[in-house]
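Here the structure is laid out as structure tokens; the discussion comes afterwards.
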Amino acid sequence: MTVVREQDVVPFRNRVKEYAVKIKMGLVNQTKLITAASELVRNMLRYGNGGEVLIEVVSRGRDNGIRLTFKDDGPGIADIGMAMKDGYSTGKSLGLGLPGTKRLVNEFEIKSEVGKGTKVTILKWANG
Amino acid sequence: MATEITRLFKKNQAAILERWMQNQLADAGLREDLMSNEDLRIESEELIVSLIRALTEDNIDDVNSADFDHVAEILSGISISRARQGYSPRETCLYILSLKEALQQVLNEEIQDVQEQLIALLRVNKLFDNFSIVIFETFIKGREEVILRQTDEITEISTPVIQVWEGILALPIIGTLDSSRTQVIMENLLTAIVDSGSSVAILDISGVPTVDSLVAQHLLKTVSATRLMGAECVISGIRPEIAQTIVHLGIDLSGIVTKASLASALIYAFKTLKLEVRKQGSFKTT
Amino acid sequence: MDRIPILRMGQFLLVTIQVDLYDRLALDLEADLVKMVSKTGAKGILIDISAVSIVDSFMGRIIGNIGVMSKLLDAETVVVGMQPAVAITLVELGLPLKGVYTALNVERGMDLLKSKIQVIDDEEIDPDDDDSDDITE
């Protein structure tokens, strides 16, 4: 789904929650996933002028999970190493967004090219 | 010549069952304690009927044919249920292997020509090798399920939250702390805090064998989460060796209230709640 | 545009967040609260987030900001009723919400605020004492 305005964030979070409930994710993991999603969506709105989010249900053996892919055509991140450090921010925020998000999910992948945009993929298992 | 095999099996269906039962009953490993002979017979008959129905000359060499799905299903069912009942892998495997033996005995008697007999035996062998694999795979899967369920049960059991006083919760942690356990402990503790409206929680780590920097981090997380909820968290049961390792590793626990024993943690908790416990009558002397 | 209502209870301001916040709403709340504190001279702010299922780093920052800002205006902030899942997530995120007090529920939060103000008054030995006594009754 597309997220371009601030008002899109709440419906987006509800959508993620629906999926999480569907695969019987525990409440704590649900909260972690949605918080992570919320962080990434905010980044996308603030730095990337909105973009696309893909919600997928994946399974590994008996375990189900949710994969979210955030894609924007914004300016990109010049130094991913720095962006992943606690307390670093180019905007005026706490600089917890990306590293914090990584701690909340099971798998985290970020690809960015200056001038082209950023793509972040996160994955959270129902029992992880 | 090739048509013979399936036809032979069909003809001798009753005899095969008889032989199979004999083979199974003759085996010393037969678990009469887990399953009666009558049940075993019913189970075996169902398998033979479905096997012989599925078996044709075309698919006998193609072990992955969809025609065998039903047979494989029955086999998986038997295998899983045996895994749960506590059969050994050997006993489960012997079940299908003794059927192979019975079929081979029939072939042996019915086919006179040595060459043809050999071919027929080989084909049957190949088919049953595959069935053995099915049995084996599902058996292990069944066992894994048992293990997973037990793991779940252990995590449930191993983190009891005890209300020691009105407003005071205690949580004895026994065993190693890893991140998934910390999460369960945190969740249980925080929900218990909400449910009981407690304001002090005591984490007793006397049962934790070692505290390394990772475990310390987990403890710190639990403490800050309880603080966010509006309750205080005390860590008790720190053994001297653990105090040593904590200092040697340079772990900073200064932000946390730590007590040597559960008793002193309890006294601390009483103090924070402005409670006083004393011997009856002692107030007269003071 | 909707706003989060701020209720006045004697010397305290009471905010109950009942909806999922988006950033604009949270920023408005921050601004409204600070204005209200300076206008009413409130001594304490109680924020009830028991109905909030998600607190991310932005929301956490707003809450922290409210705490620091109201402190500058001589008011204490207590956050009450945080969901266990939210607490775990915040810790994992690396946001221990320093600078704000927390309490289990509104009742405990009120007690905490009252005791804080009591302590401050006792320390200062203000002639204000009479005032605060009136309020606690």
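Order of the sequence lines sets the chain letters (A, B, ...), proteins ahead of strands, with each chain counted from 1.
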Original post:
If you round to the nearest 0.5 Å, how far is OG1 of B:T191 from CD of C:Q83?
Top reply: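 Spacing of CD (C:Q83) from OG1 (B:T191) equals 10.5 Å.
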Original post:
To the nearest 0.5 Å, what is the distance between CD1 (B:I193) and CG (C:L104)?
Top reply: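 Those atoms lie 7.0 Å apart.
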Subject >> Region of B:S199 that comes under 4.5 Å of a non-hydrogen atom in chain C >> reply: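 For B:S199, backbone and side chain are both near chain C.
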**OP:** Check whether B:L220 gets within reach of chain C through its side chain, its backbone, both or neither, counting any heavy atom under 4.5 Å.
**Re:**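 Neither part.
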**OP:** Would you name the heavy atoms of C:A87 and B:A225 that are closest together and state the gap between them?
**Re:**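 So the minimum-distance heavy-atom pair works out to CB-O, 3.8 Å.
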Original post:
In this structure, are over 12 heavy atoms from other groups packed under 6.0 Å from B:E166 atom CD?
Top reply: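 For B:E166, atom CD is not crowded (no more than 12 foreign heavy atoms under 6.0 Å).
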Subject >> Within 6.0 Å of CD in C:E107, more than 12 heavy atoms from elsewhere >> reply: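 No.
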Subject >> Within residues 257-276 of chain B, residues adjacent to chain C where the heavy-atom gap is under 4.5 Å >> reply: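 Those residues of residues 257-276 of chain B which would need a heavy atom under 4.5 Å from chain C do not exist here.
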**OP:** Could you tell me whether a side-chain N or O of C:T102 sits under 3.5 Å from a main-chain N or O of B:R227, the two making a donor and an acceptor?
**Re:**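 At least one qualifying donor-acceptor pair exists.
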Subject >> Test item: C:R108 side-chain N/O and B:G230 main-chain N/O as donor-acceptor pair under 3.5 Å >> reply: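 Not confirmed, C:R108 side chain does not pair with B:G230 backbone.
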Original post:
Looking at B:E187, B:M229, B:M186, which hits side chain to side chain contact (heavy atoms under 4.5 Å, CB included) with C:P84?
Top reply: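 Running side chain to side chain contact (heavy atoms under 4.5 Å, CB included) over B:E187, B:M229, B:M186 with C:P84 returns exactly one hit, B:M229.
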